[in-house]
Amino acid sequence: MKRLSKWRHLSLFAILTLILSGCGEPFLSTLTPAGEVAKTQYDLMMLSTAIMVGVIAVVTVIFFIVIIKFRRKDEKIPKQVEGSHKLEIIWTTIPILLLLVLAVPTVAATFKFADVTDMDKKNEDGKRDALVVNVRASLYWWEFEYPDHKIVTSQELVVPTDEKVYFNLKASDVKHSFWIPAVGGKMDTNTEVVNKFWLEFDSKGADNAKDQFYGKCAELCGPSHALMDFKVKALSRSDFDQWLNNMQNAKEPSPTTPLAQEGQDVFNKSCIGCHAVTPQDARPEAARQAPNLATFGERTRIAGVLDHSEKDLKNWLKDPETYKPANKMTGTYGNLTDTQIDALTEFLMGLKVQD
């Protein structure tokens, strides 16, 4: 009875696992591809699954045919036959053919996705037509630099739809991995070697995801690895050009209330050494030790994981270690009074490039 009970529990967990494997959101699931790379990878996954299921089905049918047709009917020992060249050729040839069916499109897709030659091509004006984004991963946040447009953002990547976006990937401390599940497979970010690849963000997929995808770190990097998320805004080319223009022409923040002005004073004394508040981040890369906060008031998350509210921001400023263990935000932790935190919250929530 105990063994039967264990098998019942095992069956229940197996069924729940199967059901939950079908759960997902269009902005996060690899089963709802939203781009050329993701669609090709999804098709390859379906092809490999079909081959495996087909092999299992054939073997199962043969198994039952054998045990029924050739079951032992009496005590006589049947004639012992060893070896069959025909069968050996068949069961050697079929796996080779199946591997070729899977290998050829996989290798072709691998070389196609590895082709980043267009990211270095320049037009007659000496400028690149392709959009290139430099991605830098740090414990536990993301930076996105648009080198041809001289702007830097953090935690929220903005891209145009229906065209290739090229990425230079690197890390500033330990190995991380850049992954936008709904749009394409993961790629490591290393401290020394720069990895390059491209993704395409499909406009129909973006519509289904309400123009926002989720990105994650896919390499175990420390205590807050699971909290190292970022958001991706997928815009039409015209909206993306407007966003670029707004970012390039953004001015220094100008607080509109006395409390926000007090917050700016606190920021300039406690936070400015690590953070920037304009997209035209002129600091060298080595000096960018914390996220750029130019668009902080427009974000949907605080620290990538908390709701974008004054309450959560104040909690974060009071004790960031509670929400993201081992993070490097030490400038304000334990050093600000409640009054200063209120003022700083007012200032940060007002950091917007476009209203």
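None of the values given here were measured: they were computed from a predicted structure.
- In this structure, His308 contributes its side chain and Phe296 its backbone to a donor-acceptor pair below 3.5 Å.
- The structure places CD1 of Ile341 at 11.0 Å from CG of Leu348, a figure rounded to the nearest 0.5 Å.
- Pairing each heavy atom of Val116 with each of Met119, the nearest pair is O-CG, 2.9 Å.
- Distance alone, capped at 3.5 Å, places no donor-acceptor pair between the Asp307 side chain and the Ser309 backbone.
- The CE atom of Met187 sits 8.5 Å away from the OG atom of Ser177 when rounded to the nearest 0.5 Å.
- Put simply, the side chain of Asp115 gets close to the backbone of Thr117: a donor and an acceptor are under 3.5 Å apart.
- Geometrically, Lys231 does not engage Phe213 in a cation-pi contact defined by less than 6.0 Å to the ring centre and at most 45° from the axis.
- Not less than 6.0 angstrom separates the ring centroid of Phe113 from the ring centroid of Phe197.
- A salt bridge is defined here as a Lys NZ or Arg NE, NH1 or NH2 lying under 4.0 Å from an Asp or Glu carboxylate O, and Arg288 with Glu143 meets this definition.
- Ion pairing of Asp43 with Lys39 is present here, as a side-chain N (NZ or NE/NH1/NH2) and a carboxylate O approach within less than 4.0 Å.
- In this model, a donor atom of one side chain and an acceptor atom of the other lie less than 3.5 Å apart for Gln242 and Asn246.
- Taking NZ from Lys311 and CG from Leu306, the interatomic distance works out to 11.5 Å, rounded to the nearest 0.5 Å.
- A side-chain donor-acceptor contact under 3.5 Å links Lys324 to the backbone of Ala303.
- Separation of atoms CG (Asp239) and CG (Leu244) is listed at 11.5 Å; rounding is to 0.5 Å.
- Between the Thr93 side chain and the Ile90 main chain, no donor and acceptor come within less than 3.5 Å of each other.
- You'll find the ring centres of Tyr146 and Trp243 inside the 6.0 Å limit.
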Stepwise side chain to side chain contact (heavy atoms under 4.5 Å, CB included) check, Leu102 with Leu47: CA-CA 7 Å; Leu102 182 59; Leu47 174 61; 4.2 Å; yes
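- Considering CD of Glu200 and OG1 of Thr161, their distance stands at 8.5 Å, rounded to 0.5 Å.
- Under the 4.0 Å criterion applied to side-chain N and carboxylate O atoms, Arg237 and Asp162 are not assigned as salt-bridge partners.
- Side-chain polar atoms of Asn245 and Asn249 form a donor-acceptor pair below 3.5 angstrom.
- A donor-acceptor distance shorter than 3.5 angstrom exists from the side chain of Asp173 to the backbone of Leu139, with no hydrogens or angles considered.
- The residues Lys121 and Asp118 are annotated as salt-bridged, a charged nitrogen and a carboxylate oxygen being separated by less than 4.0 angstrom.
- Ring planes of Trp142 and Phe178: perpendicular class, angle over 60° (limits at 30 and 60°).
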Under the salt bridge (Lys or Arg N to Asp or Glu O under 4.0 Å) rule, what do Glu298 and Lys233 come out as? Steps first, then yes or no, please. CA-CA 12 Å; Glu298 303 167 8; Lys233 291 183 180 179; 5.2 Å; no
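- Here the side chain of His176 pairs no donor or acceptor atom with the backbone of Glu219 at under 3.5 angstrom.
- Between the Thr257 side chain and the Ala260 main chain, a donor and an acceptor come within less than 3.5 Å of each other.
- No salt bridge links Glu346 with Lys314; every basic N to acidic carboxylate O contact stays at or beyond 4.0 Å.
- Under a 3.5 Å cut-off, the side chain of Glu156 and the backbone N or O of Thr295 do not form any donor-acceptor pair.
- Here Phe230 and Tyr140 keep their ring centres 6.0 angstrom or further from each other.
- Under a cutoff of 6.0 Å and an axis angle of 45°, Lys216 and Trp179 do not form a cation-pi pair.
- Taking CD of Gln280 as the start and CG of Asn292 as the end, the distance is 9.0 Å to the nearest 0.5 Å.
- For Thr339 and Thr337, the side-chain atoms include no donor-acceptor pair closer than 3.5 Å.
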